[in-house]
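Okay, so here's the structure we're looking at.
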Amino acid sequence: MWRHLEEVVHTTMGCYGAEEIRTPILEPTELIARGIGALTDIVTKEMFAFERGSSHYVMRPEVTAPVMRAYLQHNLAQRGGTQRLYYIGPCFRAERPQKGRYRQFHQFGLEVIGSEDARADAEVILSLRDILDRLGLRQYTLRLNSLGDEQSRPAYKAALVDYLTPLADQLSDISRKRLETNPLRILDTKNVEERTLLEKAPLLSDFIDEASRVHHEQVKALLSDVGIDFVEDPFLVRGLDYYSRTAFEFESPLLGAQSSIAGGGRYDLLSKEVGSKQVVPAVGFAAGMERILLACAAENVAQPAHPGVDVFIVALGDPAMTWAFWGAERLRQAGLRVTFDLKGRSMKAQMREANRQQARFVAIVGDDELAAGVVQLKEMETGEQRAVRLEDIPTSIII
RNA sequence: GUGGUCGUAGCUCAGUUGGUUAGAGCGCCAGGUUGUGGCCCUGGAGGUCGGGGGUUCAAAUCCCCUCGAUCACCCCA
């Protein structure tokens with residue numbers, strides 16, 4: 001199933017003209033810290049970090065910042081046009097594991113760098129949708145929002161705090177603390193009473209600038225054009241500050257508390273955080289492979305069957321067992337998948353092993369066959385069996 | 001970092017108020033078929049009961065510590 005998912009990712013990304021990029025697992029702490037907004041708590045508590053001499057490193061917790069760094073460092077802009085870069089690989093977060101959340105996990109993602117066109121946003125979402133569809137997932141929802149420009153969110157944040165502060169005594173302890181540390185996250189609360197309080201809260205959509213509003217309308221129109229269902233969620237807010245305008249999230253209802261299987265958005269502000277002199281507009285998604293696989297399992301999505309071997313060689317007696325070694329090699333040279341017993345067991349045991357390996361054919365070899373220069377080729381499903389010379393096996397089983 | 005639940009055979013799990021050699025199903029191995037798989041029948045192997053300490057005549061069972069898993073919180077890139 002892992003292979004299948006990876007293949008779907010590669011082929012789908014290929015359809016979008018994206019090139020794979022591989023960045024180091026180990027990155028300077030500063031790159032990641034700057035990328036995520038230097039929240040010291042996240043660096044110390046949520047990441048595997050260590051120092052070596054005077055240098056500080058972390059195991060990458062995500063790949064967007066590394067891709068942006070690679071883009072800038074190798075000046076990929078000079079290749080012209082917009083860069084569509086995708087990645088697939090492991091990431092690390094030093095958290096307590098829970099359902100769909102592991103210390104080492106795997107992500108794939110697409111970063112479209114160098115365009116502020118709404119079609120880039122829509123294409124990123126569309127490509128992700130394609131991957132989920134090709135896998136056979138059906139039970140997921142897409143939530144969409146616009147965060148506006150770099151002025152919008154601070155203004156909204158202030159308005160939200162203004163609204164909630166008088167109501168602070170009705171908030172949970174956690175939310176009251178977040179009122180100071182990260183007020184936007186209160187929007188994510190699952191507390192029912194708090195949700196009703198939020199119904200009358202100011203909306204981010206009332207604070208976004210005109211250009212962002214137009215951009216957002218374009219994205220929505222493009223998504224509708226290709227038949228993508230989405231829910232507008234004015235409460236969908238990314239935790240980090242470099243996001244602007246488009247924000248989206250795919251989630252599955254079948255995964256418990258970690259329902260998000262993929263998410264992303266536009267991050268025009270990141271480039272300057274990681275050292276670019278000018279703004280490089282970019283938009284992308286990141287998807288959690290473990291969670292997608294969990295969702296597939298929960299939906300009972302058909303797995304590609306593990307193919308059995310083509311030929312299992314059953315060898316009887318020492319001469320035949322020796323023969324099996326190079327006989328198998330001959331057949332493998334012809335491109336067949338071939339195995340045989342490595343423990344010198346009885347014929348019954350070898351046949352059982354062949355059955356377990358879902359062998360299409362069994363080639364039985366004993367002293368008589370060796371003398372005659374043939375094998376007894378038996379088709380397991382039908383039980384039909386006949387003598388065939390080794391060199392004729394490949395053509396015999398194509399039928 | 002905080003809280004709940006749980007660690008018994010390869011896997012899924014039983015194990016009665018502490019009481020003989022710790023069980024089942026599946027899987028594995030072998031035989032029934034001296035050269036023919038699946039189904040069936042018979043037999044077999046396999047366990048420091050997560051680890052350490054304590055209580056007791058006696059601990060899988062009770063107590064303490066520890067490690068791990070899991071779910072949730074925090075956090076969420």
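Every chain is numbered from 1 and lettered A, B, ... according to where its sequence line falls, protein lines coming before strand lines.
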Looking for any heavy atom pair under 4.0 Å, which part of the strands does [X] touch: base, sugar-phosphate only, or nothing?
{"X": "E369(A)", "result": "base"}
{"X": "R60(A)", "result": "nothing"}
{"X": "A349(A)", "result": "sugar-phosphate"}

[M] and [N], which share atom name [atom1], separated by this distance in whole Å:
{"N": "G19(B)", "M": "C40(B)", "atom1": "C1'", "result": "40 Å"}
{"N": "G47(B)", "M": "C28(B)", "atom1": "C1'", "result": "15 Å"}
{"N": "G4(B)", "M": "C74(B)", "atom1": "C1'", "result": "15 Å"}
{"N": "G10(B)", "M": "G27(B)", "atom1": "C1'", "result": "7 Å"}
{"N": "G15(B)", "M": "G53(B)", "atom1": "P", "result": "28 Å"}

Legend entry - Base-pairing mate for U2(B) - Watson-Crick or G-U, with both contacts under 3.5 Å: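 Pairing partner: A72(B).
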
Inset, instruction - Test for a donor-acceptor pair under 3.5 Å between the base of G38(B) and the side chain of N355(A), counting only N and O atoms. - result: no

Inset, instruction - Tell me yes or no: between the side chains of T64(A) and E111(A), is some donor less than 3.5 Å from an acceptor? - result: yes

Inset, instruction - For C28(B), take OP1 and OP2 only and decide whether either is under 4.0 Å from a side-chain N or O of R356(A). - result: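 Result: yes.
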
Inset, instruction - Measure from the side-chain heavy atoms of Q258(A) and tell me the nearest of C71(B), C76(B), G37(B). - result: C76(B)

